[in-house]
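Right, one structure below, let's go through it.
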Amino acid sequence: MCGIVGVVGQSEVNQVLYDALTLLQHRGQDAAGIVTCDNHRFYLRKDNGMVSDVFRTRHMQNLQGRIGIGHVRYPTAGSSSSAEAQPFYVNSPYGITLAHNGNLTNAQATAQALFTADLRHINTQSDSEVLLNALAHELQRLGKLIPTPEDVFAAVSALHQRCEGAYAAVAMITGYGIVGFRDPLGIRPLIFGKRNTAQGVEVMIASESVALSALGFEVVRDVAPGEAVYVTADGTIHTRQCAKKTQLTPCIFEYVYLARPDSIIDGISVYKARLRMGEKLADKILKTWPDHDIDVVMPIPDTSRTSALELAHRLGLTYREGFVKNRYIGRTFIMPGQSQRKKSVRQKLNAINLEFQGKNVLLVDDSIVRGTTCSQIIDMAREAGARKVYFASAAPPVRYPNVYGIDMPAARELIAHNRSEDAVCLEIGADRLIYQDLQDLWDSAREGNPAVTQFESSVFTGEYAVGGIDQNYLDHLEQARNDLAKQPNTDHEVIDLHNPA
């Protein structure tokens, strides 16, 4: 999970890129970067940290130009060092920079081909650098001094032929424009819009609609699966379907957790989808546990709040905020180390004892991944005086790793892997555990846009939308995603292009 944005403006775009990244900060807190272009020269600033930490006044003043792209990152694989902060850059052809959200499932093979056949060196273990070099090579093969929209679309079409997995990306071709493109299944989100200024039309491409709407851009539409949107330096928008076979299959976890509730992704309101998750979870409780003794419903802030509120309303129960969140602690889900995740829970949340004392409490969370966070929260609820602590998840059991850009780790680290729901309940220390049914989850999202007929749900089903995912691949991914690999300045496995396996 990362956040990306690209802007072609009529004046300096450094501030609008910064503002857009702050609106996408929830998608990654490990690193941030912006690159701009002025008179065929690019200006880059990227480093580890939050947007507000990476960019100071002196950096903003140096980011000159009316075209630029930006990125916020969290590490799904590899080191969290600043060497893998984005955007990435290659000088040939034209000078191209790229920011990417997702994960290439054939990155190793593509990187090898780029080196042996195309003579392109990959300097990091980031698949984003692989994606950039694949795009650059396809543009270079055309041999044009000035790239036309048709050239850009031809390059993206060729990229689709060699790259597999989930990818939404924005790339800046120095001096000419920006291109945004999405994988043929549309797993990761991408949307574009425009706004009118006194100087003319400005265009933005971003991960989520909130980045557009909050900054005064009118949404045009989502980028279709396999489509590319090329915006030239004068603000002219060109679009082309660049994949031979497409099927909209958005990631269901965007609606469960990843996206902001005020975003609309592929025509589906994230907020309304989460309301429906709460409704369906309440209906399941009424069906399977009609004589429940729940006194009060409480969300685990923040992403579960919408579902918990609707669940309480549907059950006719009192809704209370039982935990106060310290907003200066990062999202636990994207902490790069397990020990850091454990330490952060009690720093992040503090119980209001009066709301718990002598009550049977139903805690609602968006999902249960590793289980360490919810077990500590259940302990906190008991310490605050709760008589019984029940737990509800707005998502089904997470049993399988994610291979498309979400840091859901090795299967052995997932609490629900090879465990029954009763066993998970015992492990986290709850008096009762209620999971959302998968069909209800799908229906919660699909109701917002019936044209979306399927979702990428592999973390629940183990069925991967893009083929070629076998145990060898998952074992390799596990090695790349272990917590030691995400520590700064740590030796880690790299793609050895000079001595292929």
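Note that the structure is a prediction, hence the values are computed from the model and not measured.
Asp38 and Arg41 are not joined by a salt bridge, as no carboxylate oxygen comes within less than 4.0 angstrom of a charged side-chain nitrogen. A salt bridge is defined here as a Lys NZ or Arg NE, NH1 or NH2 lying under 4.0 Å from an Asp or Glu carboxylate O, and Arg141 with Glu138 meets this definition. Under a 4.0 Å N-O distance rule, the pair Arg27/Glu254 qualifies as a salt bridge.
Not one N or O on the side chain of His71 forms a donor-acceptor pair closer than 3.5 Å with the backbone of Ala32. Side-chain atoms of Glu463 do not come within 3.5 Å of backbone N or O of Ser457 as any donor-acceptor pair. Under a 3.5 Å cut-off, the side chain of Thr306 and the backbone N or O of Leu275 do not form any donor-acceptor pair. The main-chain N or O of Val452 is found under 3.5 Å from a side-chain atom of Arg446 such that the two form a donor-acceptor pair. A donor-acceptor pair is defined here as one N or O able to donate and one able to accept, closer than 3.5 Å; such a pair exists between the side chain of Glu12 and the backbone of Gly65.
In the displayed structure, Tyr271 atom OH is contacted under 6.0 Å by at most 12 heavy atoms of other residues, nucleotides or ligands. Dense packing is recorded around CD of Glu150, with more than 12 heavy atoms of other residues, nucleotides or ligands lying under 6.0 Å away.
To the nearest 0.5 Å, atoms CD1 (Ile69) and CG (Leu44) are separated by 9.0 Å. Taking CD1 of Ile191 as the reference point, atom CD of Glu208 lies at 9.5 Å (rounded to 0.5 Å). The CG atom of Asn133 lies 5.0 Å from the CZ atom of Arg120; values are rounded to the nearest 0.5 Å. Interatomic distance, CD1 of Ile252 versus CG of Leu258, reported as 11.0 Å (0.5 Å rounding). Remark: Asn402 CG to Tyr464 OH distance equals 7.5 Å, nearest 0.5 Å. Between the CG atom in Asn106 and the CD atom in Glu164 there is a gap of 4.5 Å [rounded to 0.5 Å].
With contacts defined as side-chain heavy-atom distances shorter than 4.5 Å, the pair Lys46/Gln86 does not qualify. Counting heavy atoms from C-beta on, the side chains of Gln25 and Gln29 come closer than 4.5 Å. Between His100 and Asp127, the closest side-chain pair of non-hydrogen atoms falls below 4.5 Å.
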Sequence neighbours left out, cut at 3.5 Å: what donor-acceptor pairs do the side chains of residues 223-234 make with other protein atoms?
{"unit_1": "Glu227", "atom_1": "OE1", "unit_2": "Arg221", "atom_2": "NH1", "d": "2.8"}
{"unit_1": "Glu227", "atom_1": "OE1", "unit_2": "Ala224", "atom_2": "N", "d": "2.8"}
{"unit_1": "Glu227", "atom_1": "OE2", "unit_2": "Arg221", "atom_2": "NH1", "d": "3.4"}
{"unit_1": "Glu227", "atom_1": "OE2", "unit_2": "Arg221", "atom_2": "NH2", "d": "2.7"}
{"unit_1": "Thr232", "atom_1": "OG1", "unit_2": "Asp234", "atom_2": "OD1", "d": "2.5"}
{"unit_1": "Thr232", "atom_1": "OG1", "unit_2": "Thr236", "atom_2": "O", "d": "3.4"}
{"unit_1": "Asp234", "atom_1": "OD1", "unit_2": "Thr236", "atom_2": "N", "d": "3.1"}
{"unit_1": "Asp234", "atom_1": "OD1", "unit_2": "Thr236", "atom_2": "OG1", "d": "3.0"}
{"unit_1": "Asp234", "atom_1": "OD2", "unit_2": "Thr236", "atom_2": "OG1", "d": "3.4"}

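Residue pairs satisfying the ring pair (Phe, Tyr, Trp, His ring centres under 6.0 Å) criterion with at least one member in residues 139-183, sequence neighbours excluded, are listed as follows: His40-Tyr176, Tyr94-Tyr176, His160-Tyr167.
Closest approach of Ile4 to Val170, counting heavy atoms only: CD1-N, 3.9 Å. For Ala20 against Val5, the heavy-atom pair with the smallest separation is CB-CG2, 3.8 Å. The two residues Ile187 and Asp183 make their nearest non-hydrogen contact at N-OD2, 3.3 Å.
Just one residue in the list Asp407, Asp30, Asp47 forms a salt bridge (Lys or Arg N to Asp or Glu O under 4.0 Å) with Arg73, and that residue is Asp30.
For the residue pair Asp19/Thr22, the side-chain donor-acceptor check at 3.5 Å is not satisfied. Checking Thr249 against Gln454 by side-chain atom types alone, a donor-acceptor pair falls below 3.5 Å.
Annotation: side-chain contact (heavy atoms from CB on, under 4.5 Å) contacts of Ala395 (sequence neighbours excluded): Val256, Ser367, Ser393, Phe460.
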Test side-chain contact (heavy atoms from CB on, under 4.5 Å) on Ser11 and Glu202 and set out the steps.
-> CA-CA 9 Å; Ser11 58; Glu202 299 183 324; 4.0 Å; yes
